[in-house]
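See structure below.
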Amino acid sequence: KPSVFDWCVWEHPCAAKLLMATNVASEDPGQPILQRLHLLPFVEADSALEGRSRIEFVAPELRRRRQCQEVVQAGDILRHEDLDFAVIKCEPPEGLLDANTDYFVDGSPVVSFDKIQFSAWGPCEMSSE
C-alpha cells in the first residue's frame, strides 16, 4: 500500500526535499531570499488570460518554485498551463522565493521578437578621431 510520502514524491518531484527541509534559509544560507519579484506575461499569454488575474493564474508555479527552493533571477521564464511569464526584475538580483516575497505584475506584456534588424547610420568613411 503506497504511503503518503510515496504519493507526495510521485505527484511533486520536490516533495522529498520539502519533507527534509523545515526552513529555506537554514537549508542554503548562501542563497538570499527575494524581497521583490516583478514578472509580466508575454503578449500571447496576456491575451489567453482573457481578463483573469495575472498573479492568481501564475501563483501555482510560484508556489512550486518556492517549495522546490529553485533559484529565481531576472530573465527566467515561468510557464504555467503553457502560458509564459518573464521575470523582469528581482531584489536582490537572484534568490529563493519566500512567503514574504512581494510580487508585482503590473505593466505591459512582454513582446517576443522572432527577428530583429539593425541598421548602422553615420559617415561613410571612418575618421581617425
Side-chain angles (χ1 to χ4, degrees):
K1 177 180 173 183
S3 69
V4 172
F5 178 78
D6 294 332
W7 176 84
C8 246
V9 173
W10 178 257
E11 290 296 315
H12 304 287
C14 64
K17 191 174 185 181
L18 281 173
L19 293 173
M20 292 184 279
T22 56
N23 186 342
V24 170
S26 66
E27 284 300 306
D28 190 356
Q31 282 300 330
I33 300 299
L34 292 179
Q35 301 302 310
R36 293 179 189 86
L37 178 73
H38 186 198
L39 64 155
L40 292 171
F42 281 85
V43 171
E44 300 81 8
D46 197 50
S47 298
L49 287 174
E50 297 176 338
R52 290 181 287 176
S53 166
R54 291 174 175 179
I55 193 68
E56 287 179 17
F57 181 82
V58 78
E61 175 61 13
L62 294 169
R63 269 189 235 100
R64 186 195 68 75
R65 288 187 181 230
R66 183 178 71 212
Q67 291 170 344
C68 291
Q69 300 178 19
E70 292 183 20
V71 175
V72 177
Q73 62 186 353
D76 283 354
I77 304 297
L78 281 66
R79 175 171 281 188
H80 180 65
E81 295 182 10
D82 293 327
L83 299 182
D84 294 333
F85 287 72
V87 176
I88 305 301
K89 187 172 182 179
C90 303
E91 189 179 303
E94 71 173 30
L96 303 172
L97 298 174
D98 183 68
N100 296 319
T101 301
D102 291 325
Y103 299 99
F104 299 91
V105 293
D106 294 334
S108 299
V110 176
V111 177
S112 178
F113 295 100
D114 292 326
K115 183 177 178 181
I116 299 175
Q117 180 175 342
F118 294 97
S119 297
W121 294 85
C124 295
E125 294 181 26
M126 297 289 287
S127 66
S128 60
E129 298 175 356

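At least one side-chain heavy atom of Leu37 sits under 4.5 Å from a side-chain heavy atom of Leu62. Between Ile88 and Phe104 there is no side-chain heavy-atom pair separated by less than 4.5 Å. At least one side-chain heavy atom of Glu70 sits less than 4.5 Å from a side-chain heavy atom of Arg64. Contact of the Gln31 side chain with the Glu94 side chain is registered, since non-hydrogen atoms from C-beta on lie closer than 4.5 Å. The side-chain heavy atoms of Leu34 and Asp98, taken from C-beta on, include no pair separated by under 4.5 Å.
What you find for Pro92 and Gln35 is that their closest heavy atoms are CD-N, 4.0 Å. Shortest non-hydrogen contact noted between Cys90 and Val72 is SG-O, 4.3 Å.
Residue Ile116 is grouped with residue Val43 when hydrophobic side chains (ILVMFWY) are merged at heavy-atom distances under 4.5 angstrom, including chains of intermediate members. Linking ILVMFWY side-chain heavy atoms closer than 4.5 Å, directly or via other members, places Val110 and Phe85 in two distinct hydrophobic clusters. If you chain together hydrophobic residues whose side chains sit under 4.5 Å apart, Val87 and Leu83 fall into the same group. Side-chain heavy atoms closer than 4.5 Å link hydrophobic residues (I, L, V, M, F, W, Y) into clusters, and following such links, possibly through other members, connects Ile55 to Leu78.
Atom-to-atom distance recorded for Asp102:CG and Arg36:CZ is 6.5 Å, nearest 0.5 angstrom. Rounded to the nearest 0.5 angstrom, Leu40 CG and Lys89 NZ are separated by 13.0 Å. In this structure, CG in Asp76 is found 6.0 Å from CZ in Arg65, a value given to the nearest 0.5 Å. Here the CG atom belonging to Asp84 is positioned 11.5 Å from the CG atom belonging to Leu39, to the nearest 0.5 angstrom. Between Arg63 atom CZ and Leu97 atom CG the span is 12.0 Å, to the nearest 0.5 Å.
The pair Asp46-Arg54 meets the salt-bridge criterion, with a side-chain N (NZ, NE, NH1 or NH2) lying under 4.0 Å from an Asp/Glu carboxylate O.
Relative orientation of the Phe57 and His80 rings is perpendicular, given thresholds of 30° and 60° on the angle between their planes.
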